[in-house]
Number of protein chains: 2
Amino acid sequence: MKDNILYSRGLQKVKDCGYKLTGARQTVLQVLCENHIHLTSAEIYQYVKERNPKIGRASIFRALDLFTELSIIRPTYYEAQSPHYIVLAEDGHHAHFICNQCDRVIEIEECQINNILGELSALHNLTMTGHVLEVYGVCESCGSRDKQIDYDVVGSATRSN
Amino acid sequence: MKDNILYSRGLQKVKDCGYKLTGARQTVLQVLCENHIHLTSAEIYQYVKERNPKIGRASIFRALDLFTELSIIRPTYYEAQSPHYIVLAEDGHHAHFICNQCDRVIEIEECQINNILGELSALHNLTMTGHVLEVYGVCESCGSRDKQIDYDVVGSATRSN
DNA sequence: TTAGATGCAAATAGTTTGCATTTGT
DNA sequence: ACAAATGCAAACTATTTGCATCTAA
């Protein structure tokens, strides 16, 4: 875990800002960084419980709020459920793709969005500390499955959507 | 209202997909399109009530879910509260900036992000239907207010944050 | 006419808060 | 040592669901 740059950096930030490095905070951040997919508070609670059953729900919410305030993580919303928390990259960047059909989340690593954002923040006189880009549509496997269906019904019917 | 392109397009989509054009749905979409800022379900409920007190909470949630499914709107999350619903542009684009200090939301209109996204979707074999870009940091007025404070305390104290 | 949508109220999540106790510095 | 953080349980808020009624097509 110590070799996880996001984890170390996160803890350092907590410390630097004058907050205590408590067990609850460390465990929550560990869970977030290890499973660096998108977790809901309920999922985080489950993982945290496995490591330390003593930690309660309230502490998890308090940790998540703190991390959000410090821009270590960011809550995002998709498919109208409860928020998912994601760990931001060192430059405050995060981008992912969500498939409308299978709800799969694909992380987008390589992305030159910072170039655009530099211009934008200059234009509006904004100081940028981070961003989340959420792209949605249809993923490769769902797309090809659709084509298959199209092929099957050629000459017999057209798909409505 | 009829001249609001997002509103008309939204209703058309509802109709085209075989859903009824009911009073509740029309009112909710009107509210969303007129106040095209970010509204929570509670705020939407208030506005809707003003126009038609008969409409209940459940219908609002059901309308929001439908609109989300049809990519007419998108729920987003910021400052760890309940989701805010935003109306997407015709090309599925939406971008905004959120000030960490005053929570102000600034819409970003001019944005060439679609260029980047085109490349990305080709790379991953994704079909893109829309996106939300959420940038956060410090806005112009909060930024200059900070400088003012810095100036005021020069020589007497340093600010912790 | 009738399947689909609504409004209500009750049920169910999801999150926050108060407070006595514990813990990191 | 002691302010800050925790865990618990209760309070609160947000959302969903069942069902009788209504309404758009």
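Each chain gets a letter, A, B and so on, in the order its sequence line appears, and its residues count up from 1.
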Check your understanding: How sharply is the helix from dT1(C)-dA25(D) to dT25(C)-dA1(D) bent, taking the axes over five pairs at either end and rounding to 10 degrees?
Key ->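 The two end axes of the helix from dT1(C)-dA25(D) to dT25(C)-dA1(D) meet at 60°.
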Nearest-Å distance, [atom1] ([X]) to [atom2] ([N])?
X: D65(B); N: dA5(C); atom1: CG; atom2: P; answer: 13 Å
X: I55(A); N: dA9(D); atom1: CD1; atom2: P; answer: 17 Å
X: Y45(B); N: dT6(C); atom1: OH; atom2: P; answer: 15 Å
X: L64(B); N: dT16(D); atom1: CG; atom2: C1'; answer: 13 Å
X: I60(A); N: dA5(D); atom1: CD1; atom2: P; answer: 17 Å
X: L66(B); N: dT6(C); atom1: CG; atom2: P; answer: 9 Å
X: K54(B); N: dA9(C); atom1: NZ; atom2: P; answer: 13 Å
X: N52(B); N: dA5(C); atom1: CG; atom2: P; answer: 18 Å

Check your understanding: Distance check: side-chain N/O of S41(B) vs OP1/OP2 of dA14(D), anything under 4.0 Å?
Key -> no
Review point. Looking at R25(B), does any N or O in its side chain come under 4.0 Å of the phosphate oxygens OP1/OP2 on dA5(C)?
Key: yes
Among residues at least two apart in sequence or on other chains, which ones pass side-chain contact (heavy atoms from CB on, under 4.5 Å) with [X]?
X: N125(B); result: E140(A)
X: K49(A); result: Y45(A), P53(A)
X: E43(B); result: L39(B), T40(B)

Study note, to complete from the structure: Assert: residue with more 5' nearest nucleotide on DNA chain D, out of A24(A) and R57(B), is A24(A)
Review point. Is there a side chain to side chain contact (heavy atoms under 4.5 Å, CB included) between L126(A) and V138(B) once you walk through the steps?
Key: CA-CA 6 Å; L126(A) 309 167; V138(B) 183; over 6 Å; no
Review point. Which residue lies toward the 5' end of DNA chain C, F61(A) or G18(B), if each is placed at its nearest nucleotide?
Key: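 Taking each residue's closest nucleotide, the earlier one in sequence belongs to G18(B).
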**Study point:** Pair H94(B) + H131(B): ring centers closer than 6.0 Å
**Key:** no
Output side-chain donor-acceptor pairs under 3.5 Å for residues 11-21 of chain B, partner residues at least two apart or in another chain, one line each.
{"from": "Q12(B)", "atom 1": "NE2", "to": "D16(B)", "atom 2": "OD1", "distance (Å)": "2.9"}
{"from": "K13(B)", "atom 1": "NZ", "to": "L70(B)", "atom 2": "O", "distance (Å)": "3.0"}

Check your understanding: For the side chain of T27(A) and the backbone of G23(A), is there at least one donor-acceptor N/O pair under 3.5 Å apart?
Key ->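 Checked: pair present.
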Practice item. Check whether F61(A) and V28(A) end up in the same hydrophobic cluster, where Ile, Leu, Val, Met, Phe, Trp and Tyr are linked by side-chain heavy atoms less than 4.5 Å apart. Key: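 No, it is not one cluster - the side chains of F61(A) and V28(A) are not joined through contacts under 4.5 Å.
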Study note, to complete from the structure: Nucleotide by nucleotide, nucleotides 18-25 of chain D touches protein heavy atoms under 4.0 Å in the pattern (B base, S sugar-phosphate only, - none) B----BBS
Check your understanding: Between Q30(B) and Y7(B), is any pair of side-chain heavy atoms under 4.5 Å apart?
Key ->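 Of all side-chain heavy-atom pairs linking Y7(B) with Q30(B), at least one is under 4.5 Å.
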